[in-house]
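Along the sequence shown, residues carry numbers from 1. What you see below is based on every heavy atom in this structure, not just the backbone, and it leaves out hydrogens, waters and symmetry mates.
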Amino acid sequence: MKSYKNLIALGLLILAAAVFLVVKYVNFNSILVSAGYYEERISILSTADIHGHIVYDEEAGGYYTLDEVSVMMGMPLMKHIVDEVRADNKNTLLLDSGDLFHGTNEANIEKGKGVVEVANLMGYDAMTPGNHDFNFGFDRLLEIRDQLNYPILSSNIYRDGKLAFDDYKIVNVGGKKIGLFGLTETGALINTNSRDNFGVTLEDPAECARRVIGELEGKVDAIILISHLGDDMDRELVKKVDGIDLILCGHHHFLYEKPDKINNTYLVEAGGYSTHVGQADMYFKDGKLSKLIWYTKNIKDKSLADPKMDSVAQKYHAIAFEAGKEVVAKTQEKLDGFRSNVRTRETTLGNLLTDAMRDTGKADLALMNGGGIRESIPAGGVTLYAIGKSLPFVNSLVTIEVKGEDIYSSIERGVRLYPDGGSNGGFLQVSGMKYIFDASKPAGKRVVSITTLDGKELDRNKYYKVATNDYLFNGGDGYDELKKAKLLYKGELLKDVLSKYLKARGEASAKIEGRIKPINERYK
């Protein structure tokens with residue numbers, strides 16, 4: 001009897017294991033497609049905010065939380081995921097939500113040439129421009145448009161009154177017609193380094209979406225928006241506009257674990273910096289989208305990288321690494337350039353950089369937008385390459401004469417979105433001063449005090465020499481207060497300012513000193 005019971009127990013265990021394997025590995029929705037319950041499964045692969053990260057990198061620099069640092073796969077390894085999905089489902093589209101061509105040492109070589117080459121090998125079906133895709137200049141973006149093997153779609157970017165890119169695209173896949181269109185955040189011209197944007201306008205996304213949807217309705221089975229508005233603006237959009245089935249969000253680098261749904265529209269986002277590929281499986285029934293399943297995928301096995309793409313990526317990496325191999329200083333600890341930190345609090349890299357700016361610019365104070373710092377600098381020898389990774393933008397040091405009142409206004413602007421560590425690239429790192437702000441107060445009324453190094457309150461009527469960068473001086477991130485300042489000095493790129501400052505000292509060290517202090521954070 002005992003052996004009989006043991007056999008029953010063993011049989012139940014085997015059955016449970018079999019059920020587990022079936023649940024884990026069998027796609028029941030695909031079975032339903034085969035059985036005719038669903039008409040078709042179309043896989044939409046999504047990438048966003050790659051920012052020129054074409055090579056594998058274990059130093060992710062921080063995108064989500066301190067406890068969740070993901071490996072940057074690089075585009076050749078992302079291609080392995082793409083190929084696997086396409087092998088599983090021939091009815092697959094690959095789409096990118098912008099900020100692809102700028103943001104790394106490799107991308108800076110010949111204004112994104114290597115990223116363009118890799119992107120063409122990736123096999124995209126379409127993309128939309130992000131604000132940082134303007135960074136090499138709008139004319140360069142138009143050149144890139146003509147060099148790509150796939151279309152750039154934008155329904156709200158105009159130049160001289162005409163659409164600068166393709167308005168939309170209708171693709172036939174799996175017996176379905178899918179309408180694709182793109183939208184870019186209207187603040188792109190103040191959130192980029194582009195200087196040749198005369199005649200360029202970004203029109204109201206809702207009005208442009210209604211126009212495109214009106215043209216697509218009746219011609220397609222589903223409409224997908226490839227968006228670089230930011231998911232907050234996407235949410236506002238779908239409250240105003242009907243007819244979009246799926247939005248592939250970009251701009252904020254968020255990683256969605258599951259799709260969100262507002263009215264009849266699904267929203268998803270695939271992170272940033274080549275850490276993930278998103279997959280949205282669309283199931284159709286009775287001619288309409290009936291169900292959507294969302295996955296995010298990440299692999300770390302470098303041997304799986306697409307060989308042809310990897311050859312191109314490594315060529316540009318070698319050029320960039322050779323140019324930046326000089327060690328200019330040493331640091332005992334990692335210098336914190338973590339994305340969500342530099343946009344919400346004082347950091348060691350923020351302090352070190354603003355000190356270098358203030359010293360080089362012979363200024364009383366220094367202001368630096370946290371969004372201009374893109375990665376941490378690892379402990380050990382600090383190379384020019386590492387500095388370039390942290391400061392990839394073409395921003396130059398300027399010293400300007402600013403009235404105290406406008407400094408107060410600037411600090412208010414910097415903390416208006418606190419504690420948002422995703423979208424608030426305008427949060428200010430500082431040197432030569434300290435500021436306290438009340439997180440419980442409404443935006444525009446948060447600054448409690450600003451003091452200089454001698455402990456005195458910053459005088460609202462006095463003029464100060466302020467070291468900053470040309471991006472902020474030109475009104476970037478909405479800093480109109482600084483546009484009216486008097487220019488006293490224009491210097492080198494920020495990465496060169498920092499490298500020379502460190503080289504003269506031989507050591508890169510910084511500590512948290514209480515330069516930025518939020519109070520009443522319980523009201524977050």
Side-chain angles (χ1 to χ4, degrees), residues 51 53 57-66 69 72 103-105 253 272-273 324 326-361 363 365-397 414 418 421-422 424-435 467-469 471-472 477 492-518:
H51 285 282
H53 286 86
D57 191 346
E58 292 182 355
E59 271 294 326
Y63 311 108
Y64 312 116
T65 68
L66 281 169
V69 180
M72 289 183 277
T104 61
N105 292 302
H253 300 210
Y273 283 22
E326 180 185 353
V327 176
V328 296
K330 293 183 178 180
T331 177
Q332 298 299 316
E333 298 180 352
K334 179 174 73 173
L335 299 169
D336 182 10
F338 193 87
R339 176 184 173 87
S340 60
N341 287 351
V342 293
R343 296 170 181 235
T344 57
R345 68 194 73 173
E346 174 188 359
T347 76
T348 51
L349 184 53
N351 286 354
L352 186 63
L353 175 59
T354 52
D355 285 349
M357 293 166 64
R358 183 165 64 93
D359 181 81
T360 305
L365 315 169
L367 303 174
M368 174 67 194
N369 55 306
I373 301 171
R374 306 307 279 196
E375 295 186 31
S376 300
I377 294 178
V382 180
T383 63
L384 294 176
Y385 183 84
I387 293 173
K389 285 179 68 176
S390 295
L391 303 170
F393 301 121
V394 189
N395 293 144
S396 298
L397 174 69
Y418 184 87
N424 192 16
F427 186 87
L428 293 174
Q429 300 288 322
V430 299
S431 177
M433 59 189 287
K434 298 180 179 181
Y435 66 88
T468 186
N469 58 66
Y471 170 70
L472 292 181
D477 281 327
E492 297 177 287
L493 295 174
L494 292 186
K495 63 180 181 178
D496 296 327
V497 170
L498 181 58
S499 62
K500 290 182 178 180
Y501 180 81
L502 294 179
K503 192 173 184 178
R505 285 157 179 76
E507 183 179 358
S509 61
K511 58 183 179 179
I512 301 302
E513 303 172 340
R515 298 183 188 186
I516 302 171
K517 183 179 180 181

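With contacts defined as side-chain heavy-atom distances shorter than 4.5 Å, the pair Leu493/Ser396 qualifies. Side-chain contact check for Thr344 versus Asn424: every heavy-atom pair is 4.5 Å or farther apart. Between Asn351 and Lys511 the shortest side-chain heavy-atom distance does not fall below 4.5 Å. Looking at Arg339 and Arg374, their side chains come closer than 4.5 Å, going by heavy atoms from C-beta outward. Inter-residue side-chain proximity for Asp355 and Tyr501 is flagged as met; some heavy-atom pair is nearer than 4.5 Å. In this structure the side chain of Ile373 reaches within 4.5 angstrom of the side chain of Leu391, judged on heavy atoms. Inter-residue side-chain proximity for Asn369 and Phe427 is flagged as unmet; no heavy-atom pair is nearer than 4.5 Å.
Atom-to-atom distance recorded for Ile516:CD1 and Tyr418:OH is 10.0 Å, nearest 0.5 angstrom. The distance from atom CG of Leu498 to atom OG1 of Thr360, rounded to the nearest 0.5 Å, is 9.0 Å. Annotation: the span from Met368 atom CE to Leu428 atom CG amounts to 9.5 Å, rounded to 0.5 Å.
Not counting sequence neighbours, the partners of Lys503 by the side-chain contact (heavy atoms from CB on, under 4.5 Å) test are Glu326, Val328. Considering only residues two or more places apart in sequence or on other chains, Glu492 meets the side-chain contact (heavy atoms from CB on, under 4.5 Å) condition with Asp496, Val497, Lys500. Annotation: side-chain contact (heavy atoms from CB on, under 4.5 Å) contacts of Thr347 (sequence neighbours excluded): Asp336, Asn341, Val342, Arg345, Leu349, Gln429.
The backbone N or O of Val430 sits less than 3.5 Å from a side-chain atom of Arg515, completing a donor-acceptor pair. A donor-acceptor pair is defined here as one N or O able to donate and one able to accept, closer than 3.5 Å; no such pair exists between the side chain of Thr354 and the backbone of Ala366. When atom types are taken as modelled, the side chain of Ser390 and the backbone of Glu375 share a donor-acceptor pair closer than 3.5 angstrom.
Minimum interatomic distance between Arg343 and Gly371 (heavy atoms only, all atoms of both residues): NH2-CA, 3.7 Å. Pairing each heavy atom of Gly372 with each of Pro392, the nearest pair is O-CD, 4.5 Å. Between Glu513 and Glu346 the shortest heavy-atom distance is N-OE2, 2.7 Å. The shortest heavy-atom contact between Met433 and Leu367 is SD-CD2, 4.0 Å. Looking at every heavy atom in both residues, Ser509 comes nearest to Leu352 through O-CD1, 3.7 Å. In plain terms, the two heavy atoms of Thr348 and Ile512 that are nearest each other are N-CD1, 3.8 Å.
Using cut-offs of 30° and 60° on the angle between ring planes, the pair His51 and Tyr273 is perpendicular.
Shown are Asp57, Thr383, Thr104, Asn105; of these, the side chain to side chain donor-acceptor pair (under 3.5 Å) with Lys389 is made only by Asp57.
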